[in-house]
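Below is one structure; the comments refer to it alone.
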Amino acid sequence: MTAGTDDREDGGDAIRYRDIVEHHPFLVVCYRPDTTILYANATAADFFGGPLVGRRWLELLPQEARTANRRQLADYAPDRPSATIESPAPRADGALRWLQWNTRAFFDADGRLAHLQSVGADVTEAREARLALERSEAELAEAQQIAHLGSWVSDFTTDEIRWSDEVYRIFGLERDEWGATHEAFLQAVHPDDRERVQRAVEAALDPDGPRYDIEHRITRPDGEVRHVYQRGNVDFDEAGTPLRMAGVVLDITERREAEQALDYLGRHDALTELANRTGFLQRLEAALAEGDEVAVVQLGLDRFRTLNEGIGHAGGDALLQQAARRLENSLAAGEEAARVGGDEFAVLVPVRDESELTLTAERLLRPFRTLFEHRGAEYYLPASAGVAVAPGDATDAAALLQCAAAAMNRCKGEGGNGLRFHDRELNDHARARITLEAKLRRAVEQGEGFFLHFQPMVEATTRRITGAEALLRWCDDAGEVHSPGSFIPILEQTGLITDLGRWILANACHQCRAWRKAGLPPIRMAVNLAAPQFRDPAIAETVEEVLGEAGLAAGDLELEVTERMLMTDVPGVMQTLGQFREIGARLSLDDFGTGYSSLAYLRHFPFDSLKIDRAFVGDLDNGGGPLVRAILGLGESLGVETVAEGVEEPHECEFLERHGCHALQGFLFARPQPPATFADLLARPALRADG
């Protein structure tokens, strides 16, 4: 499902829930522990005759009802978060009505009562009906008509169940559509609730068992699912044998929908439709309880308060909504976003590798560095990010969010528009990573500091140079030459390698052509393709253009790809490799054995050579010989050339030659060389094993 689809569905849900709550026939009220009302729907306001927000809940009730409500308030606890009570209340017209309140209490991370949410139904008639039922069964039919409360009797001597007309209406059945047996009743119960209902019936049929008192779902013949509440009493004979059970059933579907809608609004931010602080902490607590390794990235908009004062609250709200959508659209799989403050957001991030958290935070910050627009005007609204990681920084949700907030505030205090880790060591690593990325980005944009070295590939039997692998090097503007392992992963992760890729291809091909024009022996030039390059739809066209510009035959260029790149989109990979084959370029599978490729796929890929990874070559002394022999045998069976990388010892060279490896590459023959030095090697008839 796309992010856009999620936005539409989440927005629709939020609107629907708000509409359900605001216009529901039941009274919906949210209030603090001191009973100050935070929210009341239109039904509640109409009932009591005016706006209720800010008033004390208890002040709306008669004196005799306040004591019971105070007692109930004191009884709520994390393990007792809900209760149902009936109490009288004066309606706006002066009539005293009985309301049944289903109340749920919410607690903060320290177990303190935070707020309460109540859904109330006018049960005056139902209460009268219930009292009438106790006084006389003769009044039952009229009471049911008033209260819309169905009654039933199960006769165990005849195995027959009798329903009142209201029960048939609740279940959506006609009299001739129902078998009037316990089995027929269970068929009307929702499949997921049948076992629980059956256990409740069996327990009630024990003289020492509990009363039959249960909520469950039913499925009507048209497929509609409804929620009902049932309560019943059992009559036993002197021997304890159940004779009959009589009870009532009440359709509570609308009440449950209102409670669910209220619960949704209690966990989501009304403006942005993201999770709110409460919902985020609940999700974070669940992730920590499951033992997941997670991080929290908290983001705060650096200039929002000043901007909000300048354009007004309506404009500020519009920008916050834009910020929420941008943040949502930047989330990766498994990440969850929330609005945790006025201009602050938080993202729950699964941790796979702490070294990737800097990239993650930068990805989340990037959307805020693009201008926002509102009513034709543009606004710059960058953000600061703070990162905290569990369990190193904290082990509970509230503390972890607090650590992320502290790191974010530290970033704001240092100028903003960046990120800080709560952990100092990670912070230093992040600073170094960001500094290096900035230098690389500037070097790529200016086309400065990059150069190529070349390492020879030699024929195993003759030691004659048959090819060269082009290897990227970088010298920054301070004159420091960086190792490839420090900067090439950043080029790939940021996509900068795509901009640099054509330069690498062109320089390698031109150098190969230059050696040949100088009268040196012809060789193949091998160039590694990074994953972002390989996924570029125009890569084959780029290769063909570079070959033409360099005047190099396509067969003298060998493109190296890794196994991991092959398994992302097999049909697309096959198409790209086929285009390379049509051009005439050679194809090599690099780092063979370290990825995830399937041999079933491998035999269909049009490769000319397999490169045995240096890890296997270096492991010959530790039992790696059989694996290397197997790879060499696979290459022979597929009819492709085999090349061993990382050859550093004479005995490795002897082993590989003896078992049929075609070409060797490694420090034993030569380290990567500048073009001029490589030309000297190329002029030799063969390379000695010591280079």
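As a basis for the values below, the full set of heavy atoms in this structure was taken, side chains included, without hydrogen atoms, waters or symmetry mates. A quick note: this is a predicted structure, and the numbers were derived from the prediction, not measured.
Checked against salt bridge (charged side-chain N to carboxylate O under 4.0 Å, His left out), Glu362 has the following partners two or more places apart in sequence or in another chain: Arg369. With sequence neighbours left out, the side-chain hydrogen bond (donor to acceptor under 3.5 Å, both in side chains) criterion links Thr84 to Asn102.
A donor-acceptor pair under 3.5 Å is formed between the side chain of Arg66 and the backbone N or O of Leu58.
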Derivation and outcome, side chain to side chain contact (heavy atoms under 4.5 Å, CB included), residues Leu320 and Arg339
CA-CA 10 Å; Leu320 285 173; Arg339 183 187 180 201; 3.5 Å; yes
For Arg97 and Glu125, what are the C-alpha separation, side-chain angles and deciding distance, and is it a salt bridge (charged side-chain N to carboxylate O under 4.0 Å, His left out)?
CA-CA 9 Å; Arg97 307 292 292 178; Glu125 288 78 11; 2.7 Å; yes
Do Glu202 and Arg199 pass the salt bridge (charged side-chain N to carboxylate O under 4.0 Å, His left out) test, and can you show the C-alpha distance, the side-chain angles, and the key distance before you say yes or no?
CA-CA 5 Å; Glu202 292 172 354; Arg199 287 199 306 268; over 6 Å; no
For a side chain to side chain contact (heavy atoms under 4.5 Å, CB included) check, start with the C-alpha distance between Val21 and Tyr39, then their side-chain angles and the critical distance, and finish with the verdict.
CA-CA 11 Å; Val21 171; Tyr39 170 79; 3.4 Å; yes
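Between Leu381 and Phe368 there is no side-chain heavy-atom pair separated by less than 4.5 Å. The side-chain heavy atoms of Val248 and Tyr229, taken from C-beta on, include no pair separated by under 4.5 Å. Side-chain contact check for Asn308 versus Leu319: every heavy-atom pair is 4.5 Å or farther apart. Proximity of Tyr212 to Val197: side-chain heavy atoms (C-beta onward) are separated by under 4.5 Å at one or more points.
Minimum interatomic distance between Arg352 and Ala333 (heavy atoms only, all atoms of both residues): NH2-O, 3.8 Å. When all heavy atoms of Phe185 and His216 are compared, the closest pair comes out as CZ-NE2, 4.3 Å. Shown here for Leu61 and Pro88, the closest heavy-atom pair between the two residues is CD2-O, 4.1 Å. For the pair Met245 and Trp152, the tightest heavy-atom approach, listed with the atom from each and the gap, is O-CZ3, 3.3 Å. Contact between Leu288 and Asp396 at its shortest, heavy atoms only, is CD1-C, 3.6 Å. Of all the heavy atoms in Phe280 and Leu348, the pair that sits closest is CE1-N, 3.6 Å.
For Arg305, the CZ atom is loosely surrounded, since the number of other residues' heavy atoms within 6.0 Å does not exceed 12. By the neighbour-count criterion of 12 heavy atoms within 6.0 Å, atom CD of Gln402 is sparsely surrounded, having that number or fewer from other residues, nucleotides or ligands. For Glu195, the CD atom is loosely surrounded, since the number of other residues' heavy atoms within 6.0 Å does not exceed 12.
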Show me the donor-acceptor pairs, under 3.5 Å and distance only, between side chains in residues 291-302 and residues at least two apart or in other chains.
{"unit_1": "Gln298", "atom_1": "NE2", "unit_2": "Glu344", "atom_2": "OE1", "d": "3.0"}
{"unit_1": "Asp302", "atom_1": "OD1", "unit_2": "Ser384", "atom_2": "N", "d": "3.3"}
{"unit_1": "Asp302", "atom_1": "OD1", "unit_2": "Ser384", "atom_2": "OG", "d": "2.6"}
{"unit_1": "Asp302", "atom_1": "OD1", "unit_2": "Lys412", "atom_2": "NZ", "d": "3.3"}
{"unit_1": "Asp302", "atom_1": "OD2", "unit_2": "Ser384", "atom_2": "OG", "d": "3.4"}
{"unit_1": "Asp302", "atom_1": "OD2", "unit_2": "Asn417", "atom_2": "N", "d": "2.7"}

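Taking the six-membered ring for Trp and thresholds of 30 and 60 degrees, His115 and Phe106 have nearly parallel ring planes, at less than 30 degrees apart. Between Trp57 and Tyr31, the ring planes lie parallel to each other; the angle is under 30°, not in the 30° to 60° tilted range.
For Arg326 and Phe372, the positive end sits near the middle of the six-membered ring, less than 6.0 Å away and at most 45° from its axis.
Looking at Asp34 and Arg32, no side-chain N of the basic residue comes within less than 4.0 Å of a carboxylate O on the acidic one, giving no salt bridge. Ion pairing of Asp93 with Arg91 is present here, as a side-chain N (NZ or NE/NH1/NH2) and a carboxylate O approach within less than 4.0 Å. Salt-bridge check for Glu257 with Arg226: failed, with every basic side-chain N at 4.0 Å or more from each acidic carboxylate O. Look at Glu335 and Arg363 and you find a salt bridge, because one of the NZ, NE, NH1 or NH2 atoms lies within 4.0 Å of a carboxylate O, short of that distance.
Thr35 and Arg56 share no side-chain donor-acceptor pair at under 3.5 Å. Residues Asn41 and His23 have side chains that never bring a donor and an acceptor to within less than 3.5 angstrom of each other.
Taking CD1 of Ile218 as the reference point, atom CD1 of Ile170 lies at 7.0 Å (rounded to 0.5 Å). We find the CZ-OG1 distance between Arg267 and Thr278 to be 10.0 Å, quoted to the nearest 0.5 Å.
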